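Everything numeric here is computed off the predicted structure, so don't read it as measured data.
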Amino acid sequence: MMTHRLVLLIGVFLASLPAAVRAQQTDLESLCRQIDEAIAESPVYVAQREKKISAARHAFEQASGMQKYEESYRLYELYRPFVSDSAIYFLNQCVTLAEHQGDAAAAVRCRSLLAIRCSNIGLYDEALCILDSIHPAADLDSAVLGIYYEAYNNVYGELSYYTRLDDMRQRYQAEEQRYRQLMYACLPPDCEACLLRREQSAQGEGRLEESMAINDEWLQQVEPGSHPYALTALYRYIEFKLQRDTTQMMYWLTESVLADIRNAAMDQGSMWELANELMIRGDVERASRYISYTSDCANRYGSRQRNWQIAPLLTHIANEYKAQSERTTTQLRVTLVVISVLALLLLATLFFVHRRNKQLHAARNALTASNDELAAANSQLATQKDELAALNAQLSTLNLQLTESNRVKEEYIGRFMSLCAQYIDKLDNYRKMVNKKMKNKELDELFQLSKSTELKEKELDELYENFDSVFLHLFPNFVDGFNALLQPELQIHPKQENRLTTDIRIFALIRLGFEDSSKIAEFLHYSVNTIYNYRARIKNGALGNREQFEKQVKEL
């Protein structure tokens, strides 16, 4: 009788729920089941991508010339959503091959894409260094120039989003806007890069009808289920979220998640967003499962930026688990008291108490498993803290190097300005002397003077003397450190104080960042072969590994 009344009460309660709410819950459950099935099949999708990569690697090894460049670029495209380090490696290969083939446009394009890769995984300094090293030609193709501006826009957009300093955010946003306009001027308005930024701008300014129209245009260009489709669907989810259409927004978020999983994309922006939505709805268990999956993918991809995004949600889920555990423990205590009282009052309920004890045993096992998961999560957070500490140490080292670099630049710029002023005075004195001799018709003396190389040699000697003086002022222990890297019998000691020999002067230029032998030869007025011979002879006399000699010199 009591059971029938309970069933009747449940039926009345369900009937009182709005039909739309029950349908929404059913739809969400159906979408999550599709995601669970896709996650179960993810090893198959990963194996399919790895098979494609293996075939592309074989083709790359067999190719030569520009075909090798094309195969390298194909490997970059395959690795781009899969493993960031490998994608960066093959982009570097593309740069090297393009420069070897003399294709400046392809080199600029690949360097720009490399900067985008770096900024997308949180390597902002590296991205800016790569872009600053690019010097696009005036006649560069507009499409390539547009990618170059897109890379700058991307890195400044990331910096403005993640910085906590308001003044720096304003500066980064100004740079982001400037490069966005330059990119718009070079790329067609219906390309993916322009559509993405146009939609972002419209969303940020509250122009939702316009942003949805842009997304409609974008959606028509991508193939359903493809990797680009995942990004388009993710922004469509944001469109419906801004419109507070929960049914549509969860549908498109699921579409994005499924496209990422089925394309074996390890760089996922939608899965952790889905875990957050489920967390808000109280589905802690499924949110935990999804965030663990996307965390594993992020670790495989090698993106510290994704780990930064995931870490707060992992902490929140851990706290929810803890709260649930405490609530369950309290409920169990109350239940035990009630069962004990009923056992004293009614001997007939012994069978019920026995069954209840079995249920309690199962609940304790579940609690133990939850505690193990919490311990694993805490261990993972500790590992991430160690990684952040290591990154901070690296940043400190980079700051010291930048400080030293600025000091060297300031010293050399000051000396350069002084030398420029001196050379202007010398040129003016020389002009006056030539003018005087021409006025006095001393043409023979003027002719003899123009034939002589004494002036050039004197000026070169003065240039080297200035260089030696500045360098030894900046690096007073360089000569001793340099000799410490050489075998005792091959050490070089300058005969004059505050002067360098040609051998040491070559490696002093290497210490300042001049690695190209042609640049060193141009500065020292030697042939490139002579510079090669000097470098090889000195490295052969290295005390340790000759291949590491120049790297050790750069660290002096």
CZ/Arg169: more than 12 non-hydrogen atoms of other groups inside 6.0 Å
yes
Parallel, tilted or perpendicular, judged at 30° and 60°: which one describes the rings of Phe471 and Phe478?
perpendicular
Using a 6.0 Å cut-off, check whether atom CD of Glu209 has over 12 heavy atoms from anything other than its own residue.
no
With the threshold set at 4.0 Å, does a side-chain nitrogen-carboxylate oxygen contact exist between Asp216 and Arg236?
yes
In terms of side-chain geometry, is the basic nitrogen of Arg80 or Asp267 positioned less than 4.0 Å from the acidic oxygen of its partner?
no
Less than 4.5 Å apart, any side-chain heavy atom of Leu278 and any of Leu274?
yes
For a side-chain hydrogen bond (donor to acceptor under 3.5 Å, both in side chains) check, start with the C-alpha distance between Asp132 and Tyr152, then their side-chain angles and the critical distance, and finish with the verdict.
CA-CA 10 Å; Asp132 291 343; Tyr152 262 120; 2.7 Å; yes
With a 4.0 Å cut-off on N to O distance, would you call Glu29 and Arg286 a salt bridge?
yes
Assess the pair Phe90 and Tyr73: is the distance between their ring centroids shorter than 6.0 Å?
no
Could you tell me whether Lys539 atom NZ has more than 12 heavy atoms of other residues or ligands within 6.0 Å of it?
yes
Under a 3.5 Å distance rule, please check whether Thr294 uses its side chain to pair with a backbone N or O of Ile291 as donor and acceptor.
no
Decide whether Tyr290 and Asp36 meet the rule of one side-chain donor and one side-chain acceptor closer than 3.5 Å.
yes
Taking the six-membered ring for Trp, are Phe507 and Phe549 closer than 6.0 Å centroid to centroid?
yes
Answer yes when Lys554 and Glu550 have at least one side-chain N-carboxylate O distance shorter than 4.0 Å, and no when they do not.
no
Do Glu273 and Lys241 have side chains that get closer than 4.5 Å, going by heavy atoms?
yes
